[in-house]
Amino acid sequence: MTVIKLYGTPPSPPSHSARLMVQRKGLDHKVVWLLPGVWPALLRTRGFRGGTVPAMKVDGHRIQGSVVISRELEQLKPEPPLFPSDPELRAKVGEAEHWGDQVLQDVPRRIVRWLSVHRPETKVMIAKDVGIPFPRFAAWINTPAARHLANKVDADGQIERAIAQVPEVLDHVDELIADGVIGGDPPNAADFQIASSVRSLLNVGDLDPVTKDRPAAELAMHYLPEFGTDFPAGLLPAEWLAPIRDR
């Protein structure tokens with residue numbers, strides 16, 4: 001019997017992408033949620049070379065990254081498939097999945113990691129939501145880790161660009177839905193990859209004017225009606241939001 005252990009952290013969109021894919025396959029598995037901010041160190045104590053989530057052990061074999069995991073799951077159990085049988089549509093789904101991993105994912109990642117550094121109250125919110133005792137103390141302890149993770153994606157240098165990208169990436173998600181690449185039945189790997197990152201954007205209240213009431217938001221809520229921490233409006237500088245609200 002195949003033994004699958006999936007490691008992730010609750011605020012991480014790709015962690016939930018991998019979780020949804022394993023569930024879709026109907027494979028027996030155990031999800032191990034690692035503490036936010038310190039998952040890189042915790043993964044290494046479990047034998048993983050890299051510090052990124054999601055990470056998965058399959059009968060002791062270790063792999064990391066949602067795109068790698070989707071391929072591994074296809075080999076473990078071909079049915080139900082995560083990729084269409086039609087070659088042309090399969091290629092489009094693969095391209096959309098990679099776009100979600102390489103482009104879309106960095107948009108909410110940079111915004112949330114900027115908030116964790118510059119709006120310390122957000123770390124307290126996350127700690128409360130994941131059930132960490134003494135959340136204010138835990139948030140204070142997590143400060144160096146939050147700064148390290150923000151630096152890894154150049155959150156300070158890219159935050160304004162990330163905010164400006166929100167309408168652009170959501171427009172592309174809407175196009176993928178309209179073209180039938182995602183949003184259909186049955187779901188595919190790109191659905192799970194993209195929906196989780198869009199769902200993270202829906203949690204940022206300052207972005208409501210450009211995230212709500214669109215097909216991308218409906219897709220995200222369908223697969224992840226509950227996700228992470230809601231960050232109320234007023235945390236991002238108004239001058240950075242003005243360009244996307246006025247478009």
Side-chain angles (χ1 to χ4, degrees), residues 9-17 36-37 52-53 66 96-127 129 139 142-143 145-178 182 190 192-221 223-224 226-247:
T9 190
S12 160
S15 294
H16 291 274
S17 299
T52 59
V53 288
S66 53
E97 183 193 24
H98 277 280
W99 174 82
D101 180 62
Q102 297 296 316
V103 179
L104 172 61
Q105 188 181 131
D106 272 341
V107 176
R109 177 184 284 158
R110 284 172 172 145
I111 293 171
V112 172
R113 291 188 185 182
W114 185 91
L115 287 172
S116 72
V117 171
H118 296 275
R119 301 292 183 264
E121 62 269 33
T122 61
K123 294 199 297 294
V124 179
M125 296 174 195
I126 293 171
D129 284 345
N142 193 249
T143 297
R147 167 49 72 185
H148 172 70
L149 291 170
N151 289 345
K152 281 189 69 174
V153 296
D154 190 21
D156 282 358
Q158 296 291 328
I159 179 62
E160 290 185 67
R161 179 173 181 268
I163 293 171
Q165 282 182 290
V166 173
E168 173 190 330
V169 295
L170 292 179
D171 285 348
H172 185 58
V173 176
D174 289 347
E175 290 169 3
L176 290 171
I177 294 171
I182 59 175
F192 301 131
Q193 180 71 51
I194 289 171
S196 61
S197 287
V198 173
R199 186 64 181 87
S200 183
L201 289 172
L202 295 180
N203 281 355
V204 183
D206 282 312
L207 302 176
D208 282 357
V210 292
T211 58
K212 303 294 185 182
D213 302 321
R214 56 160 73 221
E218 184 177 348
L219 177 81
M221 292 300 296
Y223 288 112
L224 290 156
E226 295 183 4
F227 173 83
T229 301
D230 288 322
F231 303 115
L235 295 173
L236 292 171
E239 61 269 24
W240 295 353
L241 297 167
I244 64 172
R245 289 175 171 172
D246 297 339
R247 68 190 290 271

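Being a predicted model, the structure only gives us computed values, none of them experimental.
Across all non-hydrogen atoms, the minimal contact from Ala146 to Val117 is O-CG2, 3.6 Å. When all heavy atoms are compared, the tightest approach of Asp101 to Ser66 is OD1-OG, 3.9 Å. Across all non-hydrogen atoms, the minimal contact from Ala96 to Leu176 is CB-CD1, 4.0 Å. The minimum heavy-atom distance linking Ser17 with Ser196 is given by the pair OG-OG, 2.6 Å. Summarising the geometry of Asn142 relative to Pro36, their closest heavy-atom pair is ND2-O, 3.3 Å, with the distance given to 0.1 Å. Annotation for Ile182 and Ala190: closest pair CG2-CB, 3.6 Å, computed over non-hydrogen atoms.
The distance from the NE2 atom of His16 to the OG1 atom of Thr9 is 8.0 Å, given to the nearest 0.5 Å. Rounded to the nearest 0.5 Å, atoms NZ (Lys212) and CD (Glu218) are 13.0 Å apart. Note that CG of Leu236 is 4.5 Å distant from CD1 of Ile163, once rounded to the nearest 0.5 Å. A distance of 7.5 Å separates CG in Leu170 from CG in Leu104, rounded to the nearest 0.5 Å. Rounded to the nearest 0.5 Å, atoms CD (Gln193) and NE2 (His98) are 9.5 Å apart. Atom CD1 of residue Ile159 and atom CG of residue Leu115 lie 6.5 Å apart, to the nearest 0.5 angstrom.
Put simply, the side chain of Arg119 does not reach to within 4.5 Å of the side chain of Phe231, judged on heavy atoms. With contacts defined as side-chain heavy-atom distances shorter than 4.5 Å, the pair Val198/Val169 does not qualify. Put simply, the side chain of Arg214 does not reach to within 4.5 Å of the side chain of Val173, judged on heavy atoms. Contact of the Pro11 side chain with the Thr229 side chain is not registered, since no non-hydrogen atoms from C-beta on lie closer than 4.5 Å. Side chains of Leu207 and Leu241 form a contact here, defined as non-hydrogen atoms less than 4.5 Å apart. Side chains of Pro237 and Glu160 form no contact here, defined as non-hydrogen atoms less than 4.5 Å apart. Looking only at side-chain heavy atoms (C-beta outward), Trp114 and Thr122 stay at 4.5 Å or farther from each other. Using a 4.5 Å heavy-atom cutoff, the side chains of Leu201 and Val210 are not in contact.
Thr211 places no side-chain N or O within donor-acceptor distance of the main-chain N or O of Leu202, the cut-off being under 3.5 Å. Of the possible donor and acceptor atoms, one in the side chain of Asp206 sits under 3.5 Å from a partner among the backbone N and O of Leu235. Between the side chain of Arg199 and the backbone N or O of Leu224, at least one donor-acceptor pair lies under 3.5 Å. At distances below 3.5 Å, not a single donor-acceptor pair connects side-chain atoms of Ser200 with backbone N or O atoms of Ser197. In this structure, the side chain of Asp106 does not engage the main chain of Val153 through any donor-acceptor pair within 3.5 Å. With hydrogens and angles disregarded, a donor-acceptor distance shorter than 3.5 Å links the side chain of Asn203 to the backbone of Phe227. Listed for the Ser116 side chain is no donor-acceptor partner under 3.5 Å among the backbone atoms of Lys123.
Counting heavy-atom neighbours within 6.0 Å of Gln165 CD, excluding the residue itself, gives a total above 12.
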Inset, instruction - Apply side-chain contact (heavy atoms from CB on, under 4.5 Å) to His118 and Asp156, showing your working. - result: CA-CA 9 Å; His118 296 275; Asp156 282 358; 2.7 Å; yes

